[in-house]
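Written out below as structure tokens is the structure these notes cover.
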Amino acid sequence: QVQLKESGGGSVQAGGSLRLSCAASGHTHIFRCMAWFRQVSGKEREGVADIDYEGRTSVADFARGRFTISKDNAENTLYLQMDSLKPEDTATYYCAADGCEGYALGDRNEDDFGYWGQGTQVIVSS
């Protein structure tokens, strides 16, 4: 059984930083791509950043220069370093993973990911 569990969310003032973690357990060897998504209540989920099995990364335009995705294969943990946070970054952040056969880095289509964490909330105040 595969499980993804996010942590690291919280409240921060604008301009601050947070580091989200996503601990993967179970048959993690099947994961060839992982990603971070976020969702504001009442709005569609949007892709934030993704990383493939070779460690190549892609970040959404709104996050470029501020957010960094990385992973520690030895610890089976995915990270999202978020700097220069803005109030509009307030959302629930989810990590996702899958075997991603045929996946193109940067697509960040939630339909491509079959495994999801429960989410961690990020609140950025002005």
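All heavy atoms count here, side chains included; hydrogens, waters and symmetry mates do not. Keep in mind that what you see is a predicted model, and the values were worked out from it rather than measured.
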Taking only residues at least two apart or on different chains, which pairs with a member in residues 97-126 satisfy disulfide (SG to SG under 2.5 Å)? Cys33-Cys100
Hey, what else clusters with Ile123 if you join Ile, Leu, Val, Met, Phe, Trp, Tyr whenever side-chain heavy atoms sit under 4.5 Å? none
Apply the hydrophobic cluster definition, ILVMFWY joined by side-chain contacts under 4.5 Å directly or through others, and give me every member besides Tyr79. none
Any salt bridge (charged side-chain N to carboxylate O under 4.0 Å, His left out) involving residues 84-100? Give me the pairs, sequence neighbours left out, ordered by first then second residue. Arg38-Asp89, Arg66-Asp89
Could you state the interatomic distance from CG (Leu18) to CD (Gln81), rounded to the nearest 0.5 Å? 8.5 Å
Val40: side-chain contact (heavy atoms from CB on, under 4.5 Å) partners, not counting sequence neighbours: Lys43, Ala91
May I ask you to decide if Thr77's main-chain N or O and Asp72's side chain share a donor-acceptor pair within less than 3.5 Å? no
For the residue pair Phe31 and Asp52, establish whether any side-chain heavy-atom pair is separated by less than 4.5 Å. no
Please report the interatomic distance NZ(Lys71) to OG1(Thr57), rounded to the nearest 0.5 Å. 10.5 Å
Just verifying a value: how many Å separate Leu80 CG and Glu6 CD, rounded to the nearest 0.5 Å? 11.0 Å
Looking only at non-hydrogen atoms, find the nearest pair between Gly119 and Thr92 and report the distance. CA-CG2, 3.9 Å
The side-chain hydrogen bond (donor to acceptor under 3.5 Å, both in side chains) partners of Ser58 (sequence neighbours excluded) come to Arg108
Checking the side chain of Glu110 only, and the main-chain atoms of Gly47 only, is there a donor and an acceptor separated by less than 3.5 Å? no
Name of the residue among Trp116, Tyr94, Tyr93 meeting ring pair (Phe, Tyr, Trp, His ring centres under 6.0 Å) with Phe37: Trp116
Report yes or no: does Lys5 contribute a side-chain atom to a donor-acceptor pair with the main-chain N or O of Ser25 at less than 3.5 Å? no
For residues 42-78, pull every pair meeting ring pair (Phe, Tyr, Trp, His ring centres under 6.0 Å), keeping only residues two or more places apart or in separate chains. none
Gln3 CD to Asn76 CG distance, which is reported to the nearest 0.5 Å: 13.0 Å
Step by step, would you call Val2 with Thr28 a side-chain contact (heavy atoms from CB on, under 4.5 Å)? CA-CA 7 Å; Val2 173; Thr28 59; 5.6 Å; no
Using the test salt bridge (charged side-chain N to carboxylate O under 4.0 Å, His left out), find all partners of Glu44 that sit at least two apart in sequence or belong to another chain. none
Could you walk me through whether Leu78 and Ile51 satisfy the side-chain contact (heavy atoms from CB on, under 4.5 Å) test, starting with their C-alpha distance in whole Å, then the side-chain angles of each, then the deciding distance to 0.1 Å, before giving a yes or no? CA-CA 9 Å; Leu78 179 72; Ile51 185 168; 3.7 Å; yes
Would you check, one step at a time, whether the test side-chain contact (heavy atoms from CB on, under 4.5 Å) holds for Asp50 with Trp36? CA-CA 6 Å; Asp50 50 331; Trp36 288 98; over 6 Å; no
Considering only residues two or more places apart or on different chains, which pairs with a residue in residues 63-97 satisfy disulfide (SG to SG under 2.5 Å)? Cys22-Cys95
After noting the C-alpha distance and the side-chain angles of Thr120 and Leu20, does the key distance pass the side-chain contact (heavy atoms from CB on, under 4.5 Å) rule? CA-CA 8 Å; Thr120 185; Leu20 305 184; 4.0 Å; yes
side-chain hydrogen bond (donor to acceptor under 3.5 Å, both in side chains): pairs with one or both residues in residues 7-23, sequence neighbours excluded: Ser17-Asp83
Residues forming a salt bridge (charged side-chain N to carboxylate O under 4.0 Å, His left out) with Asp111, sequence neighbours excluded: none
Between Ser126 and Pro87 the two heavy atoms that sit nearest each other are CB-CG, 3.9 Å
Under the ring-ring contact (aromatic ring centres under 6.0 Å, His included) test, residues paired with Tyr103 that sit two or more places apart: Phe113
Which heavy atom of Met34 sits nearest to which heavy atom of Ala97, and what is that distance? CG-CB, 3.8 Å
